Structure formats: structure tokens, C-alpha cells
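Quantities reported herein were computed from a predicted structural model and do not represent experimental measurements.
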Amino acid sequence: MNKKIRQWLSSRSFRFKLMITSIICILIPGCFTLIMYNYLTQDAVKQQAISNSQESMLLVNNYVTNSLKYMLNVANLIQMDSELSSIMKRKATGQTYTGPNAEYEEFNDQSKIRNTIENITIGGEQCYVTIILSNGAYYSSYSVYDYNPIDMTREPWFAQLNQLYGFNSYWVGASPTVFLSEKEKNAYQLSVVRTLREKEGFQIYGYVIVTIMENQMNQNFEKLSDSQEFMILDSNNVIMSHNDVNQIGQTFRFPTGSSTSKQISSQIVHGEKEDYLLTQESLFTGWKLVSLTPYQTAIDKIKSIFTNVIVFQLISFIVFLLLLLYLLRTFTKPLVGLGKVAMTVQKGNLDIRSRIRGGDEIGRLGYLFDQMLDRINEMIEEVSLTQTRKRKAELDMLQAQINPHFLFNVLNSIRMKVMFRGDKESAEMIGSLSKLLRMTINQDKGLITLHEEIEIVMDYTQLMNMRQKEKVLLQTDISANALLEKVPRFFLQPIIENALIHGLSQSGGMIRVKAWVEEDKLIVYVEDNGAGMELETLNKIRDRLRKNIDHEHPEMAKHRGFSSIGLSNVNERMRMTYGDDFVMQMESELDRGTRITMIIPRLEVKD
């Protein structure tokens, strides 16, 4: 039987298998869930109501406990800070500051205490911190006009603080707000008090009182259901915190039992008109967190939820089953179409496209598949275009040469005759020209070292200085590790030529060539102090370099020099050699000169 089923499934399409699997995986667990859900509903109503109440209690308890612990942490911060304790002990015992910096030291110590307590907040809310020393001195995070800290020593609970040792704390329940700035907004406040004692002798040298407004506590009592009510009670069942301010200070109307147990407990209490679900949990302060919910309301909601869920699930299973079959068919349709396109491409037709688009994986797969086909066609065209451009650039280089074999031999003979006659300057000029021609003869040498390229531009500049009235100063600053770097032949000379002709207008000036190595990059820049150019002209040249336009600016075409190769041609040659990793940047300011920076990769050159 199983074998027949497997054979039957293997003969079906992927779409059919996906539909059958989805139906089985959803329908069977769904039916089983409905049966068990209906069976357990009747016994779970009461437990669910208690569980919901206790979960809400746990959530609110975390907020309340954190707020109370933050208050303790503030007291611990002050009590355990050895530097602050040392300062407060000195102040409490009346020790004076001596020495030439006594006043500064005393001011600095007092500032440390004030800065510490003034920057304290609890949960982003204001916290009032008071430190009262045994000699009557005090520090506070609030103004004395808001409240006089010494008045706290007259509170009835202050006399009980002598019984506190170590990290024992005294929690002051809800009491009327004493701070003038808070009285209108908050009627009650909560405080925790800690004594500061000497390690030896346990003598009290001060007190720390941390106070927050009661509303900072009751804002944690957000009702998690429409009828659930939270409050904090002390050991005498007196309400200390409640969303309703009028109930603070009143005795809770239901018994809550002992507060020693730290476990959450729930019970049904009987009121005059209805029963309530009372849940309580003890806090580490000796107080109790209590929630009160009308029992019938809790039960009705849970019963209604259970009933509605069952009906909703039955309807949902039917609707979603039909929808699932429709969606599976719709979602797999592009996948089937993409398979057909792939088979067509396999036969060699690269012009077909799937046209499948969308934000899901199949849509992205269709888009990427079409993009891949577009890219294949582009690469085929790019290979053809690159070969054409490379042949054109080589032709430009050949056209730029001045019949070097013949001229080189003739110039060598002339240079020897001129030297024998004693005309040293002319001989040097002819020798520089011979070096340039020698480089044009050696066409097989596509790459040369940077120092050879520098020698070429130095010879070229020397020739130009001999034919100009005003000389141009060529400064070179080449780092040692850059001298032997391989670069294309004649990549720098056209840039120097442009600087002489267009930047300095064939008059006197300075051209600076600098090169250095940064990790896997060779940085070369050429800078002149010539006329520069306007921003509009600069942007046009940048645009031509960016688009690799292979013709010169009309103004530049009027002044062709030794090489007659423009910046665009240099940029084209370098990009064909190094690819897109080569970068040429051009900067210029009118009447301040022009700088061309080239970033050349130190990797193996590309074919």
C-alpha cells in the first residue's frame, strides 16, 4: 500500500505535492486541536482566570519591585561610596581643612557630594535625595526653598532610625508631599531611609533619605484588563499607592492574610454585591501588591473567548483551506513559468525574458534571472567595444610618434657634432630629445618604472625651457618605495604638457610632481601654479573624463605639443590597463593653478 502511494506521489507535479502536504499538515493538527480545546475548556475556565490575574500580577510586580530597588540602589550608591563616606565623616566630626589649598579641597569635596546626588534619577523621573549629617549639616538634590531638609528630623519615624544597622532600611509609607513644587501635582510621596554608621563602634554619622512621588509608583498600575485594579498595601492593609488618590490612606475592605509568604496567591472573596478574584504577592519591603478583579467578569470573558475561538477556528479552517489551495497555485505559477524560460535559454535563445517581478523570493529570482541575461548580453557587447577602444588608443599612440627610428639616428649624429664644436647647451637639448625618441622607439615596453617616467618628463621640461623665454621649475617629490613601481609608458608626460601649455600658458612657473605608496595604491599628483580655470570649465572636463569622451576641448586642440595626447586619452589608457580601480581626479581654482591626482592600483595589470 505504501509503495503504491509513493509511486502515485512520484508521478505528480511539485505543485500537487505541495498542496497535499500543506492540507495534511494543517488539517489534521487543526482538527485535533479543536477536539482537545473543547474538552479542556470547561475545567480550565477558573484556572485560566487565576492564571491571567497572576500573570498580570507578575508583570506589575516587576515594575514595582524595580522602582523600589532603584530607590535602594541610590541609598547603596551613597552608603558604599568610600570617597563620599570619607568626606561626610570628616564633615560630621567637624574636621577642618588645612594647608594652602584648604578652601579648594573643601569646595571640591562638597561639589562631589552635590554632583552625585543631583544627577540621580529613577526610571527617568525625578528623585529627591537627602543626606543629613549628625552635626546638622545636610546635602540635598533640591532647593532649600522647596523644602528644608532639617524638617525631616521632626518626622515621627525619624526616632526609629537608631535601630537600623548595616544595610537595613526603613520604608516610609505614603505620606503627604512636603515639596512645594510637587504638592499641586502629587499629593503623596514614598521614602526609604538608611543610616550611615562608622565601621568601628557603629556610631551614626548621618542619614540618607531617598524620596519619590507616589504617582511614579501608581503609573505602573496600568490596567491590563478593563476591570482589574492594582494597589500597594502596608502590613496593616492600609492603601499606600493606588490609581485613585482618594483611596490612599484608607483600609482595604477585604482581608489579605499573612504577608510573610513570597508566593503569589489567589482567592475568591465575597463582596456585598458580587464576588472578586483577589491576587496578592509580598514585596521585599514588607508591603503587599494586590489586584482585585470582579470574578464573574473574568469568567464571562474567558468563556466568551473560548466559545468564539472554537467557532472562529472552524470557519477559519474552511476558508483558509480554500485560500491555501488558491494561493499555492498562484505562488507556484511564476516558478513554473521561470522553468520554461530556463529551458528556452538552454537552447541558446538569450533574447527571451521571464518578466516575473515581485517582492518575494520568486519575484527576485525572476528579476535576477532577467538581469543575468541582460548582463550576459552587455558583457558580449562590452568585450567587443573594449577591443575596439584598445585598438583606437594604440592607433592614437602610433599617430603621436614622429618617425622615431630615423630622427633618433640623425639626432645622435647631430649631437656628437655639436658637442665636438663646444656647444654644450645645444648638445644637452639634443640629448634630451634623443631620450624621448628612444622611449617612442621601444614600443614593446608597455610598462616602465616610475623613475623612468620621471626622467622622461624632466627631459621634456628641459626641452620646453630651452624654447621658452621664461623657464618652468619642475619639482619632484617621489618616495623611495614608489620609484620602482611599474606604470604605463608616457602616462605622465601628456599631463605635464597640458600644465605647460594650458596651465602656465608657456610662460614661467612651477610644476610639482609628487608620488607615494599607500597600502595597495600608488598615488601620483601633478600640480601647477598657473592660471587655473573656472568651475564651469572644470566641470565640463571632469564630465568628459567620467564618460571617457575621447576628443579634446576645442581650446586644447589649438595647442598640440610633443605627444598630442589629451587627458581623456591618458584616462582611457589607464582605465584599460587597470580597470575601474584607476581613479583620476582634477581640481582647479582660477588664478591659483590646477592639480591632477591619479590613484593607481598596485595589483597585476589587466589584459
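Minimum interatomic distance between I150 and T153 (heavy atoms only, all atoms of both residues): O-OG1, 2.5 Å. Counting all heavy atoms, side chain and backbone alike, Y139 lies closest to R114 at CD2-CG, 4.3 Å. Nearest approach of V172 to S175, heavy atoms of both residues: CG1-OG, 4.4 Å. The minimum heavy-atom distance linking S141 with C127 is given by the pair OG-O, 3.4 Å. Annotation for S191 and I209: closest pair CB-CG2, 4.2 Å, computed over non-hydrogen atoms. Considering all non-hydrogen atoms of both residues, I212 and M71 come closest at CD1-SD, 3.6 Å.
Looking at heavy atoms from C-beta onward, V129 lies in side-chain contact with I78 at the 4.5 angstrom threshold. Residues V60 and S291 are not in side-chain contact: their nearest non-hydrogen atoms beyond the backbone lie 4.5 Å or more apart. Residues L277 and I268 form a side-chain contact, since some pair of their non-hydrogen atoms from C-beta on lies under 4.5 Å apart. When side chains are defined from C-beta on, Q296 does not count as touching D275, because their heavy atoms never get closer than 4.5 Å. Looking only at side-chain heavy atoms (C-beta outward), F252 and K288 stay at 4.5 Å or farther from each other. Contact of the Q163 side chain with the T195 side chain is not registered, since no non-hydrogen atoms from C-beta on lie closer than 4.5 Å. You'll find the side chain of W171 reaches within 4.5 Å of the side chain of F284, heavy atoms only. Side-chain contact check for E198 versus Y205: some heavy-atom pair is nearer than 4.5 Å.
In this structure, CG on N66 lies 9.0 Å from CG on N61, to the nearest 0.5 angstrom. Rounded to the nearest 0.5 angstrom, L133 CG and Y138 OH are separated by 11.5 Å. Atom CD1 in I264 sits 12.0 Å away from atom CD1 in I50 (nearest 0.5 Å). Here L68 contributes atom CG and I232 contributes atom CD1; the two are 6.0 Å apart, rounded to the nearest 0.5 Å. Distance check, rounded to the nearest 0.5 Å: CD1 of I120 to CG of L77 gives 5.0 Å. A distance of 8.0 Å separates CD of Q216 from CD of Q126, quoted to the nearest 0.5 Å.
With no hydrogens or angles considered, no side-chain donor-acceptor pair links S111 and N115 at under 3.5 Å. No hydrogens or angles considered: a donor-acceptor pair under 3.5 Å links the side chains of Y142 and T130. Side-chain atoms of S181 and D146 form a donor-acceptor pair, as typed in the model, at a separation below 3.5 Å. A donor-acceptor contact closer than 3.5 angstrom links the side chains of Q54 and S266. Between the side chains of Q189 and Y128, not a single donor N or O lies within less than 3.5 Å of an accepting N or O.
Side-chain atoms of R197 come within 3.5 Å of backbone N or O of L164 as a donor-acceptor pair. Judged by distance alone, the side chain of D234 and the main-chain N or O of N236 form a donor-acceptor pair under 3.5 Å. Within the 3.5 Å criterion, the main-chain N or O of N243 finds no donor-acceptor partner in the side chain of Q247. Distance alone, capped at 3.5 Å, places no donor-acceptor pair between the S241 side chain and the M231 backbone. For N186 (side chain) and E214 (main-chain N/O), no donor-acceptor pair under 3.5 Å exists by modelled atom type. Without hydrogens or angle criteria, E182 side chain to M213 main chain gives no donor-acceptor distance under 3.5 Å. The backbone N or O of E519 sits less than 3.5 Å from a side-chain atom of R602, completing a donor-acceptor pair. T251 places no side-chain N or O within 3.5 Å of a backbone atom of V238 that could act as its donor or acceptor partner. The closest donor-acceptor contact from the side chain of T93 to the backbone of K89 lies under 3.5 Å. No side-chain donor-acceptor contact under 3.5 Å links S86 to the backbone of S82.
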Show the numbers, then the answer: is there a side-chain contact (heavy atoms from CB on, under 4.5 Å) between N218 and H242? CA-CA 6 Å; N218 68 46; H242 196 285; over 6 Å; no

Assess the residue pair L180 and Y145 against the criterion (side-chain contact (heavy atoms from CB on, under 4.5 Å)); give the C-alpha distance rounded to whole Å, side-chain angles, the decisive distance to 0.1 Å, and a yes or no. CA-CA 8 Å; L180 293 178; Y145 298 105; over 6 Å; no

Please assess F230 against V64 for the test side-chain contact (heavy atoms from CB on, under 4.5 Å), listing each intermediate value before the final yes or no. CA-CA 11 Å; F230 287 92; V64 172; over 6 Å; no

Step by step, work out the side-chain contact (heavy atoms from CB on, under 4.5 Å) result for V208 and Q79. CA-CA 8 Å; V208 177; Q79 186 176 9; 5.7 Å; no

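Around CD of E103, the count of heavy atoms belonging to other residues, nucleotides or ligands within 6.0 Å does not exceed 12. Within 6.0 Å of atom CZ in F254, more than 12 heavy atoms from other residues, nucleotides or ligands are found, so the atom counts as buried in its surroundings. Taking a 6.0 Å sphere around NZ of K69, one finds it holds 12 or fewer heavy atoms contributed by other residues, nucleotides or ligands. Annotation for Y63: atom OH does not count as buried by contact number, only 12 or fewer foreign heavy atoms lying within 6.0 Å. At most 12 non-hydrogen atoms from other residues, nucleotides or ligands lie less than 6.0 angstrom from OH of Y367.
Partners of E105 by salt bridge (Lys or Arg N to Asp or Glu O under 4.0 Å), not counting sequence neighbours: none found.
For the pair D109 and R90, the salt-bridge criterion is met [side-chain N within less than 4.0 Å of a carboxylate O].
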